[in-house]
Amino acid sequence: MARFRWPVPGPVFACEWLASSRRWQGYALRSLLVLLLLFGLSAVWMENHGGAGGASAREQAEIGRGFYAVMVLILLGLVGLAAPAATAGAICLDKARGNLDLLFATDLTDAEIVLGKLSAQLVPVLGLIACAAPVLALATPLGGVAPALLIGASLVCLACGVFGCSLALTLSVWGRKTHEVLLVTYAFGISWLLSGPIWAVLAPMLPGWARPAWLPGYLALLPYNPVFLVLAPLGGPPGLGPIGLGEQARFCMLGLLTSAMLASAATWRVRVVVIRQSSQGEAPGRSGRRGPLARLAALLPSPSLDGNPVLWREWHRRRPSRWSVAVWGLYFAGSGVATFWAIAGVLQGAGPGRREMGAVIGGLQVSAGLLLLSISSATSLAEERQRGSLDVLLSTPLATRSIVLGKWWGTFRGVPPLAVLPLLIAAALATHTGSVLGPVLIGVLVVAYGAAITSLGLALATWLPRMGRAIGLTVGIYLVVLIAAIPAGMNLFGKAGAGFAAASPFWGVGFSGAVFGGTATGRDSGDQAAWLALWIVAYGLVSLGLLLATLKTFNRSLGRIDDRSPREVADSE
């Protein structure tokens, strides 16, 4: 490498690219994309044709449009997930290990360091788009999809991939921990995707003086929504106008321009920020003064130090960072406003449309909250493992069971608050049908979802030594279940599909709320309640199984001697 002159952006790119090409995760990600595309194509074919007889030209066109919609959404979702995960730890990990300080001592410029890392992480993301392009072309021979749609969809995915990588890399310059960068990046993505619907709900509620004529409506935000851009050519909402290759190319140009600005900001500040943080060491502790929320939390019941020291430490000493507080505060503030709007409309006797919107809001709240939880579930153990403080904990006489359960309960304590607002929405919806059991089942189901995610994150943090991989795999599994369970249930299980789709948190909370609210016509609330009870038991068993597997493999995975040797066990018997 020293004798060979690598092209721009320099040797950092060459080293990072060589290392990433030898990792199995990139190949596994491309294999996952192929499997998801194959599953999506099969589901569309079975739903529209079923393999019975020949298809007319109109049926073939509908199948082609379905192929395009499913493949583009899968590709867009996977790119949106993989791009931030690929670059969130690019700067954070090197700062923690001290590698950046050594790079600054070389002749490398800041641009070579930042652009080298960014370009190397962009290669697998762009590879996903390139691998999916030939598969997308399968929709054109069937009709209904013009080749320009495929080009436009690829441009939108390209903009999302580059922007996701650039945003995560820029945030990692200031962020100290990988999961905080991912938390902020995914929170921004969720807010961006939901900005149009949120503005459509909030705009009519504003007083006249707060709605000037120049203030745009929600339709003005839709052309900047990537999901809308890739699906609008198949049929957009009335009053917006045609959406085609021109609008998609403009979105791509804006995305690339914004990414260039983010990369420039990261290049400009990386040396100053990293040197300042290195001189400070670990993140400075917060002031000893406790705020009103902390004093209120101290009045609540808490575990004792003698009962489980690990849980006591997780409860009292492990304080969230400012980034985490900001993201979770924004989530609960937005969810609280949406919940108030939904409950007010339902209790005022709004029509079925308003009640359906309330059910959708409940499903979105749970989906977004569990996504944030999936990012944080693996960090409690993985961060201590990365810093080396876990080795000190393992050298103590504490039992393995106490360590694992303390970490599990420390993360699970954030799950019950996620069930409060959806439970209130479901209870308001149930006033139209008199169902009492339905809201209770929805609340318990949210807790079961959270328990399974908590156990999954803890298990992956135990089995995988690298924190980035544990977090990425936890988020990936959650998103696959969240998205894939709905089409799988509807297309493969017939009449029972709505019940099977409740494996997805969005469908399990949103559709069930609609059923218990009386807006899902033709659905029996008793059958839906039985399905919810089934999934509560299923997710409870998954959570218990993963927790037992973690307890079984914890010592072997982390190199700790078992609490009792086989000889001691035999002597005691």
Side-chain angles (χ1 to χ4, degrees), residues 177-180 182-183 186 302-303 308 310-316 318-320 324 327-328 331-332 365-385 390 393 400-423 442-464 467-482 485 503-506 508-509 535-554 557-558:
K177 300 177 182 178
T178 303
H179 81 277
E180 294 177 356
L182 276 177
L183 201 67
Y186 285 139
S302 62
N308 190 328
V310 177
L311 179 58
W312 180 88
R313 179 176 178 271
E314 292 287 322
W315 202 280
H316 292 278
R318 185 171 173 261
R319 300 180 181 179
S324 300
V327 171
W328 281 107
Y331 166 77
F332 280 109
Q365 287 176 357
V366 173
S367 302
L370 293 180
L371 175 61
L372 300 179
L373 177 69
S374 66
I375 299 173
S376 305
S377 61
T379 58
S380 175
L381 182 67
E383 279 185 357
E384 292 198 25
R385 188 175 185 179
L390 184 62
L393 183 62
T400 299
R401 181 184 181 87
S402 299
I403 297 175
V404 174
L405 292 182
K407 293 292 184 181
W408 191 91
W409 282 107
T411 303
F412 180 76
R413 62 173 177 165
V415 174
L418 297 178
V420 174
L421 297 180
L423 177 62
I442 290 178
V444 178
L445 182 62
V446 175
V447 174
Y449 289 144
I453 293 175
T454 302
S455 298
L456 176 63
L458 182 62
L460 293 178
T462 302
W463 299 334
L464 300 177
M467 183 173 64
R469 296 178 183 177
I471 295 175
L473 194 55
T474 304
V475 175
I477 293 175
Y478 166 71
L479 288 179
V480 168
V481 175
L482 175 69
S504 169
F506 174 76
V509 175
W535 283 116
I536 289 172
V537 174
Y539 274 105
L541 292 177
V542 169
S543 176
L544 180 61
L546 288 173
L547 184 59
L548 293 178
T550 304
L551 287 170
K552 186 71 175 178
T553 60
F554 186 84
S557 299
L558 298 176

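Quick caveat: nothing in here was measured; it's all calculated off a predicted structure.
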Do other residues, nucleotides or ligands put more than 12 heavy atoms under 6.0 Å from the CH2 atom of Trp409?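 It does not: Trp409 CH2 has 12 such atoms or fewer within range.
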Looking at [X] and [Y], would you say the former's side chain and the latter's main chain have a donor-acceptor pair under 3.5 Å?
X	Y	value
Ser374	Leu371	yes
Tyr539	Val446	no
Thr379	Ser376	yes

Once you round to the nearest 0.5 Å, how far does CG of Leu546 lie from CG of Leu456? 6.0 Å
Distance in Å, Leu372 CG paired with Trp328 CH2, rounded so as to fall on 0.5 Å steps: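 Answer rounded to 0.5 Å: 4.5 Å.
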Under a 3.5 Å cutoff, is there a donor and acceptor pairing between the side chains of Trp408 and Thr454?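 Trp408 vs Thr454: no donor-acceptor pair found between side chains.
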With a 4.5 Å limit on heavy-atom distance, are the side chains of [X] and [Y] in contact?
X	Y	value
Val480	Ile477	no
Leu418	Phe332	yes
Tyr478	Ser367	yes
Phe412	Val447	yes
Ser455	Val542	no

For Gly457 and Ser377, work out which heavy atoms get closest and say how close. CA-OG, 3.5 Å
Contacts of Val404 that satisfy side-chain contact (heavy atoms from CB on, under 4.5 Å) - sequence neighbours left out: Thr400, Leu458, Leu547, Thr550, Leu551, Phe554
